[in-house]
Number of protein chains: 2
Amino acid sequence: MRLAADDRRAALVQAALTVIARDGVHAATTRAIVAEAGMSLASFHYAFRTRDELIREVITFVVDQQEFVSRAALEPAGDVLAMVRGALQAYFDLLREHPEREQAMFELMHYSMRSPELGKLPPIQHGSYLTAGRTLIEAGGELLGIEWTLPIDDLARLLVALTDGLTYAWLADRDDAAAGRLMDSIASTISTFAHSTEKARR
Amino acid sequence: MRLAADDRRAALVQAALTVIARDGVHAATTRAIVAEAGMSLASFHYAFRTRDELIREVITFVVDQQEFVSRAALEPAGDVLAMVRGALQAYFDLLREHPEREQAMFELMHYSMRSPELGKLPPIQHGSYLTAGRTLIEAGGELLGIEWTLPIDDLARLLVALTDGLTYAWLADRDDAAAGRLMDSIASTISTFAHSTEKARR
DNA sequence: AGCTGACTGGGACACTTGACCCACTTCTAA
DNA sequence: TTAGAAGTGGGTCAAGTGTCCCAGTCAGCT
């Protein structure tokens, strides 16, 4: 049954992600990972040749995963400000609920940057963030009948930078109130670049 | 000669920073550090009880260091946009010249977050960023005779988030042109919150 | 000169980690 | 039912790592 091999690989990737989120990349040893997955070391090296191969799979997995995230909640709201603020809040709630997850993303990115073999992944990961931001902005614009006074590409870049900054700030100081104010600023920043062309909806 | 002890500690901190910047936090083993410093292992444990003690000193060092940075270039310019853009460019040039340094800052921050003993440092580090941003904004405001339509605190937070995002984005994709456009967006974002009250200078 | 205490070199120890391996079990398919 | 492949358990190995120790050196003071 050749599929089982893939299943085991997937299980190990999942276990590795759990360990990384809980204890950090440096703690994601082969033994810790197989313990999390409830396997023996032999099974690990049956599924993966080396630990790096596993880590590489973990990273490509989370990069692919990114595509699906944030495709979600984009509540239609009265105006741009409210909509952006709402989307930010949705993201922030997710972050507050699973800080380790975002932390793991950051750590994995830094890990890739240090590895000559995985070095090409960070731009890809960041690129997927950018396209996510772009589709979000386009969707929002259409939803509200709005044109942007900045190229979508640049706007997406700005949004991603702001989101990263928000994430980083909150991870560092865990100040909910400050994060809230920052989200307000971000929302008003983004709406600055909105220009309603069509008739206001209803 | 009791001073030599502090000198050696300082030398080891410096060597550790070099190693961390070059090879990452995980590669900063006691042996790698003393090799960089040209000492023997015994000297290390004569100066520091444990490796964690050294790392802690490294982190507090870079946090303190932060205070002095960015106190620098704030060229007076014609308007807010040009001034902000100039300051960003100055920072970016620094980043481009020593990417490993900023990368090391990030890694050290994540390292602290994982350590129960060092866990209180990230908020402090981030706080020092914030005060740096605040003084920068205040100085810029005075220089151009400008009032901000947002509390300085919130504006500083926004600026720091944007700078972090810029840093992160460039570290990830090394796209100079995109970074330039992002800095344009940031500059125009910040100047949105400027409100010239006094007469235009000269 | 001799002594004391700061400092160092080199080795050692206990432990972790990635990788591997061989005998053994379990399941599938003929 | 049985051969053979898929999968596993447990042990092993070499490299690396943090920590410690002990015999020695060297500088400064009496």
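So you know, we letter chains A, B, ... as the sequences are listed, proteins then strands, and number each from 1.
- Between the NE2 atom of A/H26 and the P atom of C/dT16 there is a distance of 14 Å, given to the nearest Å.
- In this entry the distance linking CZ of B/R51 with P of D/dC20 reads 15 Å, nearest Å.
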Just the atom pairs and distances: protein N or O near nucleotides 8-11 of chain C's N or O, under 3.5 Å.
unit_1: C/dT8; atom_1: OP2; unit_2: B/R8; atom_2: NE; d: 3.4
unit_1: C/dT8; atom_1: OP2; unit_2: B/S43; atom_2: OG; d: 3.3
unit_1: C/dG9; atom_1: OP2; unit_2: B/S40; atom_2: OG; d: 3.1

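- Taking a cutoff of 4.0 Å between a charged side-chain nitrogen and a carboxylate oxygen, A/R114 and B/D23 do not qualify as a salt bridge.
- D/dT17 atom P lies 16 Å from atom CG of B/D52, rounded to whole Å.
- Rounding to whole angstrom units, CZ of residue B/R9 and C1' of C/dA6 are separated by 16 Å.
- Atom pair A/L54:CG and C/dT17:P shows a separation of 15 Å (rounding to whole Å applied).
- Taking atom NE2 of residue A/H45 and atom P of nucleotide D/dG7, one finds them 17 Å apart after rounding to whole Å.
- Judged by distance alone, the side chain of A/T131 and the main-chain N or O of A/S128 form a donor-acceptor pair under 3.5 Å.
- Considering B/F106, B/Y111, B/Y168 in turn, B/Y168 is the only one that fulfils the ring-ring contact (aromatic ring centres under 6.0 Å, His included) rule with A/F106.
- A/F44 is not listed as a side-chain neighbour of A/R31, based on a closest heavy-atom distance of 4.5 Å or more.
- Taking CE from B/M39 and CD1 from B/I33, the interatomic distance works out to 11.0 Å, rounded to the nearest 0.5 Å.
- Distance CZ (A/F48) to P (D/dG7): 13 Å, rounded to an integer number of Å.
- By the side chain to side chain contact (heavy atoms under 4.5 Å, CB included) test, A/A169 pairs with B/H126, sequence neighbours left out.
- Between the C1' atom of D/dG10 and the CZ atom of A/F44 lies a distance of 17 Å, rounded to the nearest Å.
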